[in-house]
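Labels below follow one simple rule: chain letters A, B, ... track the order of the sequence lines, proteins then strands, and each chain is numbered from 1. The figures here come from the full heavy-atom set of this structure, side chains too, leaving out hydrogens, waters and symmetry mates.
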Amino acid sequence: MTSGNSPLLELDDVVVEYPGKGRGRKPFRVLHGVSLSVAPGETLGLVGESGSGKTTLGRAVLGLAPVTRGTVRFEGRTVSGLGKRERRALSKDIQVVFQDPYTSLNPAMSVMDILTEPLLVTGVARADAERRVQKLLDHVYLPQDAARRLPREFSGGQRQRIAIARALCRDPKLIVCDEPVSALDLTTQARVLDLFIEIQEATGVAYLFVTHDLSVVRHISHRVAVLYRGDIVETGDAVQVTERPEHPYTKGLLLAAPVPDPQRQAQRRSERLKLRAS
Amino acid sequence: MTPVDSVAPAASAAAPERDRLLRRSLRDPVAVVCLLVLALVIAVSLGAPLLTDHAPDRSVLADTLAPMSATHPLGGDGVGRDVLSRLLYGGRTSLLGGTLAVLVAFAVGAPLGLVSGFYRGWFDAVAGWTVNVIMAVPAIIVMFVVMAAVSQDLNVAMIVLGVIMAPMVFRLIRASVLAVREELYVDAARVSGLGDARIIRRHVLPVVIAPSVIQATQVFAVAIGIQAGLAFLGLGKASQASWGAMLGDAFTNVYNAPVLLVWPGAAMGLTILASSMLGNAVRDALGTAEPRVVRRREPVARKAAAAVAELPADRLLTVEGLRVAYGEKTVVDGVNLTVARGEVLGLVGESGSGKSQTAFSVLGLLPYEAGVTADHLVFDGKELLALDLAALNALRGRGIGYIPQEPMSNLDPCFRIGSQLVEPMRKHLGLSRAEARTKALDLLERVGIPDPERVFRSYPHQISGGMAQRVLIAGAVSCDPQLLIADEPTTALDVTVQAEVLDLMRSLQQERHMGMILVTHDFGVVADICDRVAVMQKGRIVETAPARQIFASPGHAYTRMLLDSTLEGGPARGALHVPSKPVKEVTS
């Protein structure tokens, strides 16, 4: 973290448990005391495999998952365990882009309705809201006539741009990005990531960027945290974690990702088999 | 950076088509007829005083079983009342009764269902229990009791019926709400700062309305039927003309004037039929949100197989001039490819490039409406296009194995893993149950499953995704195929699991000297396992070359573009330097 900057988001020993099925069953603990922080304008990449709890961590920050113990602080204020009303006030500052661009947009609403909704609830006049939406569409490089169309008329990459525009609606300070490019084609993936970076540089928004893909995380993150079975096993600069990881789990993760080069991949494969044998 | 991603095909389609349910239903002639019938019934019932001068409950002894005449167009009934008048006023009773039942059922069931489904928790538990108790009560008997002890009025009975039917509405609405509240867009709305009331109004209610309309028509029809049943049994006030009471009267005079049964019977039949068919039409309108495609099976071209002869001996699969089209839309446009024995061919491209369609057409697994044509589709010296379904079935599994993308959805949740492995082997290899079982256990061990016995006995939901993919690989190689077709076999898996599954596929392929077509979008996977690569774009193969060559010197611009967009090995973003600028408005 950059020195002298007080963190925007801080997680301190956060535990998330879901109640077990049936009475008297042990609750299922997804996160076992996770601590991390995100500075203003920073991207913290959160890497992990399925079941590591990375999505749950994002949802805990958004107030969509129950924080059983520990605290989530935003701008120094504890936001975990807030009441519904206070939580709603936070929606101006904390936003989200989900993984699946197909189910995160209401199929029955036009793009204009989807994008004006968060503005209208705060009492913005419809005309102002619509003007702002047109500017937002420009910003995410969607055509102007996109507003009157339905989500199903767009490709995956374009839908994700709509989701990004929705997140940007109210100038948030933090966007939780839950695998926002995993469902996209490779070429589209690169473009959407560049859009994320461009927006960050223009607005100074911070990202908590959840992904399973080390190459994605390396491209977009300033810092990286590696989550393994509900615990953070390694945190550090993106370069360091993605090139010289220290924890054996991160090392295994890095070597498991295939590289698009037959010779280097053969080498990586033998290194991985060696690591596994040891 | 190119500003806009590839435009989805649908985006080019005309202006937004946002029909409301009603308008879509109105395109269905059945719905129009039903609405007209219902409108007619309503109109004549309301207009009864204009259409007849007779009071429905005034009996004139002289008119007992009177024949049709100018004064009594439909004659008189068993106690000398005018049949037409009773029919028209009886319509009021039926319509009012049906409407009351619907209103009460929804007034009670809908809010409870909404709250139960949206908030769950203790309220849901209590409501669920209550509803189950109500459903366990025999409806007819309750209504008998009510009519005997509380009120003779049929409308009271219909209100009680509404309460008894409310659980159906409750369950339907609760189920719809449960489905919507899991949608990510509801989460997104929550994060956007929408309150619960607004989320329900904007995102939940619209989804609930359509099934409610259908349910309402059914409740309406059932209520009319039950009300008629009660009246037929003689319950209800004598002053309340109703179709059921008319039926009862007609029944007592069935030998003297059988025609009396016709009028109330026809009126009830028409009304109930119109109401339930309207419900069906609405449901159909919901089902066909997308424009209907004309389904037409184009005959598979069977060009002369004469020219097949001159193929190299180690050639396993030859595809020439393969085309796949859905109606006007061509998704595979003249693909040529070959696979030698023991060779791994990577089929690479973006989504929509037609790579999966190509692989599926070799398997003969494309949906019915796909029009597949090819100059040649030769596997192991046999022209696949010339085979009938039985011969093709014998070949699948035996000659060609398949590994799918989604391991979980390709295992049948109802059967144990063991039986899903054993069945194909018994059919294709003619093994006995015991032999097949031994072989299946060996295979499970071979694909690296630590406890084969346990997995053999497990159901699919009891094992992980990586485990399921190993099981499917075991199944794919169980009948010793010469060619494996793998459609994005590792896309749904974690990278560490992916690496292991690729290791497994490589070792099996080498051990058995199988040919393999690997469909993927991931050049890392290609580099790991493929000997040769075919790059597809928009239904065509733009480049085929040995793997090393593709990576070292890609020939086609599209291949270069794909390779350039891999993030792997690119520069890291580095640490955050500047103490960040204050957050400023995006669009200011």
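- Between chain B and the residues A/K92, A/R59, A/R268, A/Q265, the most heavy-atom pairs under 4.5 angstrom are made by A/Q265.
- Interface summary for chain B: among A/I197, A/L273, A/T122, the most heavy-atom pairs under 4.5 angstrom belong to A/I197.
- Considering only heavy-atom pairs separated by less than 4.5 Å from chain B, the leading option among A/Q263, A/Q240, A/H212 is A/Q263.
- In this structure, chain B has heavy atoms under 4.5 Å from both the backbone and the side chain of A/N106.
- Between B/L502 and A/R269 the shortest side-chain heavy-atom distance does not fall below 4.5 Å.
- Here the closest heavy-atom approach between residue B/A499 and residue A/A256 is recorded as CB-O, 3.9 Å.
- For A/I220, the parts lying near chain B are the backbone and the side chain together; criterion is any non-hydrogen pair under 4.5 Å.
- Shortest non-hydrogen contact noted between A/P260 and B/T566 is CG-OG1, 4.1 Å.
- Closest approach of A/T187 to B/S565, counting heavy atoms only: CG2-OG, 3.2 Å.
- The candidate with the highest count of non-hydrogen atom pairs below 4.5 Å against chain B, out of A/S221, A/A238, A/A190, is A/S221.
- Judged as a side chain to side chain contact (heavy atoms under 4.5 Å, CB included), and not counting sequence neighbours, the contacts of A/E243 are A/R218, A/V239.
- In this structure, no portion of B/D564 lies under 4.5 Å from any heavy atom of chain A.
- Rounded to the nearest 0.5 Å, atoms CG (B/L563) and CG (A/L186) are 9.0 Å apart.
- Ranked by heavy-atom pairs shorter than 4.5 Å toward chain A, the options B/D187, B/I529, B/L493 are led by B/D187.
- Residue A/T43 touches chain B through its side chain alone, counting heavy-atom pairs closer than 4.5 Å.
- Proximity of B/R202 to A/M109: side-chain heavy atoms (C-beta onward) are separated by under 4.5 Å at one or more points.
- In this structure, A/I94 and B/V191 have side chains that are not in contact, with every pair of non-hydrogen atoms separated by 4.5 Å or more.
- With B/D196 as the partner, the salt bridge (Lys or Arg N to Asp or Glu O under 4.0 Å) test is satisfied by one option alone out of A/R87, A/R85, A/K84: A/K84.
- Among A/D145, A/V121, A/L90, A/L62, the residue with the largest count of heavy-atom pairs under 4.5 Å with chain B is A/V121.
- Side-chain atoms of B/R573 never come within 3.5 Å of backbone atoms of A/H222 as a donor-acceptor pair (strictly under, hydrogens ignored).
- Looking at A/R170, its side chain does come within 3.5 Å of a backbone N or O of B/S192 through a donor-acceptor pair.
- Checked against ring-ring contact (aromatic ring centres under 6.0 Å, His included), A/F98 has no partners two or more places apart in sequence or in another chain.
- Counting heavy atoms from C-beta outward, B/R198 and A/L120 have side chains that approach closer than 4.5 Å.
- If you tally non-hydrogen atom pairs under 4.5 Å between each of B/G465, B/A547, B/G195, B/P206 and chain A, the highest count goes to B/G195.
- The contact list for residues 346-355 of chain B toward chain A, using heavy atoms and a distance under 4.5 Å, reads B/E350, B/S351 by residue number.
- Within the structure, every pair that satisfies the ring pair (Phe, Tyr, Trp, His ring centres under 6.0 Å) test and touches residues 180-211 of chain B, not counting sequence neighbours, is listed here: B/Y185-B/H203.
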